[in-house]
Novice: 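One structure is given below, represented as structure tokens, and several questions about it will come after.
Proteins come first, then strands; the chains are lettered A, B, ... in the order of their sequence lines, and each starts at number 1.
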Protein chains: 2
Amino acid sequence: MTKELKNKKSWGEQMRRGLEFKKKARIILVDDNYEHLSGIKELIEIESDFDVVATATSASVAISLIKKYRPEIVLMDINMPEKDGLTAIAEIEKLDLGVRTIALTGYDDPDLIFRAMKIGAKGYILKTMASAQLIYAIDEVANGKIYLPATLSSRFFEYFQKSFKEETQVISDEENLLNYLTQREEEVLDLLTQGITYKGVAQKLFISETTVKTHVNNIFQKLQVNDRTQAVLYALNNGFLNRRKVKIAI
Amino acid sequence: MTKELKNKKSWGEQMRRGLEFKKKARIILVDDNYEHLSGIKELIEIESDFDVVATATSASVAISLIKKYRPEIVLMDINMPEKDGLTAIAEIEKLDLGVRTIALTGYDDPDLIFRAMKIGAKGYILKTMASAQLIYAIDEVANGKIYLPATLSSRFFEYFQKSFKEETQVISDEENLLNYLTQREEEVLDLLTQGITYKGVAQKLFISETTVKTHVNNIFQKLQVNDRTQAVLYALNNGFLNRRKVKIAI
DNA sequence: CTGTTTCTAGACCATATGGCCTAGATTGCC
DNA sequence: GGCAATCTAGGCCATATGGTCTAGAAACAG
């Protein structure tokens, strides 16, 4: 572990050496613990050439400071009372000022990591990690990259894959009644899931309305439902369409 | 870049040295290009102490070999004709044999990376990456971790955040017509999104059917739709319910 | 107190939807 | 050839749904 971090530190230094021509990234630190705050501030000022333009001990103060200073980077402690860090990050992202936020916390809880990355954090660092790791992360994020240490990255992906697996189990079920539909029935159902009436379906498919009704009735029987709405719901809940879209809760 | 890789190489070696008491991980290689296949095989046999138990030049052959040999690791080229690598990975995951698959490809297309990780790949390596990187990745994955090189990881997260941002924009929109519904109307719509008829809604809410109709008509006007199905679709597409669920397309 | 909103409920009517049947044309398989 | 599946289409009928009105009761804000 220590060797690993020393390696990372040397990388970071290499990176920074190569970037000296660029302007120093301006940073705002947010941590409700004042001790930590000044500790990190000192660390950054000594170990790097970044510019800590402001610090805040609460999320709301932080946000007004961000509006005022427009820093490149915000280092945000996630574990804060009052307004929590995740919400704060979400708000900052919503402002759309191009500010890049790095989450800072003591826990490597995969759920926290997942949520932070989801709402737009550009990095996630543990307080227990060596200072070099922090500097390196800021470096990467300041250069437009998104940085998650390998250990956390691994945990993130485990969580990501697990939550996705639970989803697909439902979809990939062999008992999916949608598989029994004929091609034409699928086409009809497709149009139904767009909220189109029978008349509309008939026009789109160049068939008579009664034919549509026949197809629809067959669909009902195959899907074991009683009406259009239920058929559409069955289709949507069992991955008929919209497999493209992404919907994840915060 | 070269220095970076040299560092990674040394890490890998350290890791392996510390793991000599463990049994050698058994690997199956899959690549439709025979030249690549033997090249990688040689590389692994010389540069590591992993055991390449079999190779395949097609996904279907690979899958039967996997069933036979039950390797710890599968190194899968994604760009193959016939059955493509992603589908193959999905099938391997479905078998649920505990086999851990690493995707191998020439492209760092974020969509490819995203899809690979989503279906359960435990790693993703570019062919252009140095051999040490490959060995290190296998090491990590063999040790139960999920490994994505920092560069690819960054691209993955950009894609991840972007696709998620597009989703939330729709939901967090202030123009969301659902916000204009009264509480009672929401209750009615809630029941409609479960495929319940007016009669059923009336019974559930202990009101008359005509009252339900009144509410429904008001809902239609507020949501600017013409029928039940469209109202349900509007509700589902605009985050009325089911904000919990995760739906991601392959 | 008065106006507004919400929830309730009815009347009336038109049309869309759903249930159940028959049946011809086409295609592909045994 | 003959059977099965699919797509097509119509008839007939019952009911669910949608459109438009009116209207009373309760809650609430100004």
Novice: Rounded to the nearest Å, what distance is computed from the CZ atom of residue A:F206 to the P atom of nucleotide D:dA9?
Specialist: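 Taking atom P of D:dA9 as the reference, CZ of A:F206 is at 12 Å.
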Novice: For the ring pair B:Y234 and B:F220, is the centre-to-centre distance below 6.0 Å?
Specialist: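 No, the ring of B:Y234 stays outside the 6.0 Å limit from the ring of B:F220, centre to centre.
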Novice: Could you check how far CD of A:Q230 sits from P of C:dG19, rounded to whole Å?
Specialist: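 So the two atoms are 10 Å apart, to the nearest Å.
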Novice: Check whether any side-chain N or O of A:E185 sits under 3.5 Å from a backbone N or O of A:V216 as a donor-acceptor pair, and report yes or no.
Specialist: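 Flag not set: sc A:E185 to bb A:V216 has no pair under 3.5 Å.
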Novice: Just the rounded figure in Å: distance from P of C:dC13 to CG of B:N217.
Specialist: 17 Å
Novice: What integer distance in Å separates A:Q183:CD from C:dT26:C1'?
Specialist: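 Result: 15 Å.
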Novice: In this structure, how many angstroms lie between the C1' atom of C:dT6 and the OH atom of B:Y180, rounded?
Specialist: 18 Å
Novice: Near DNA chain D, which residues from residues 218-228 of chain B have a heavy atom under 4.0 Å away?
Specialist: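 Here the set is B:F220, B:N226, B:D227, B:R228.
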Novice: Quick one: B:R184 CZ to C:dA9 P, roughly how many Å, whole number?
Specialist: 9 Å
Novice: Take B:H215 and B:I207 through the test side-chain contact (heavy atoms from CB on, under 4.5 Å) and record every step on the way to the result.
Specialist: CA-CA 11 Å; B:H215 286 312; B:I207 55 181; 4.2 Å; yes
Novice: What contact category does B:T182 fall into here, base, sugar-phosphate, or nothing, at under 4.0 angstrom with non-hydrogen atoms?
Specialist: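 Result for B:T182 = sugar-phosphate.
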Novice: Under 4.0 Å: is that the gap between some side-chain N or O of A:T211 and OP1 or OP2 of D:dT8?
Specialist: no
Novice: If I take atom NZ in residue A:K213 and atom C1' in nucleotide C:dC20, what distance separates them, rounded to the nearest angstrom?
Specialist: 10 Å
Novice: At 4.0 Å (heavy atoms only), tell me whether A:E209 reaches a base, stays on the sugar-phosphate, or touches nothing.
Specialist: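 If one applies the 4.0 Å heavy-atom cut-off, A:E209 turns out to touch nothing in the nucleic acid.
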Novice: Using a cut-off of strictly less than 4.0 Å, decide whether A:H215 has a side-chain nitrogen or oxygen near OP1 or OP2 of D:dT8.
Specialist: yes
Novice: Quick check: are there more than 12 heavy atoms from other residues, nucleotides or ligands sitting under 6.0 Å from NZ of B:K204?
Specialist: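 12 or below, so no.
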Novice: C:dA16, OP1 or OP2 - any side-chain N/O from A:K199 closer than 4.0 Å?
Specialist: yes
Novice: Over 60° means perpendicular and under 30° means parallel, so tell me whether B:F156 and A:F156 are parallel, tilted or perpendicular.
Specialist: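 Rings of B:F156 and A:F156: perpendicular, as their planes differ by over 60°.
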Novice: Please state whether the rings of B:F164 and B:F160 are parallel, tilted or perpendicular, taking 30° and 60° as the class boundaries.
Specialist: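 Geometry flag for B:F160 against B:F164: parallel rings.
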Novice: In whole Å, what is the span from the CD atom of A:E187 to the P atom of D:dC7?
Specialist: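 It works out to 8 Å between those atoms.
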Novice: Taking 4.0 Å as the cut-off, does a side-chain nitrogen or oxygen of B:S208 come that near to OP1 or OP2 on C:dA9?
Specialist: yes
Novice: Are B:D32 and B:T57 close enough, and set up right, to give a side chain to side chain donor-acceptor pair (under 3.5 Å), and what steps lead you there?
Specialist: CA-CA 4 Å; B:D32 62 323; B:T57 52; over 6 Å; no
Novice: OP1 or OP2 of D:dG10 less than 4.0 angstrom from a side-chain nitrogen or oxygen of A:T210, does that happen here?
Specialist: yes
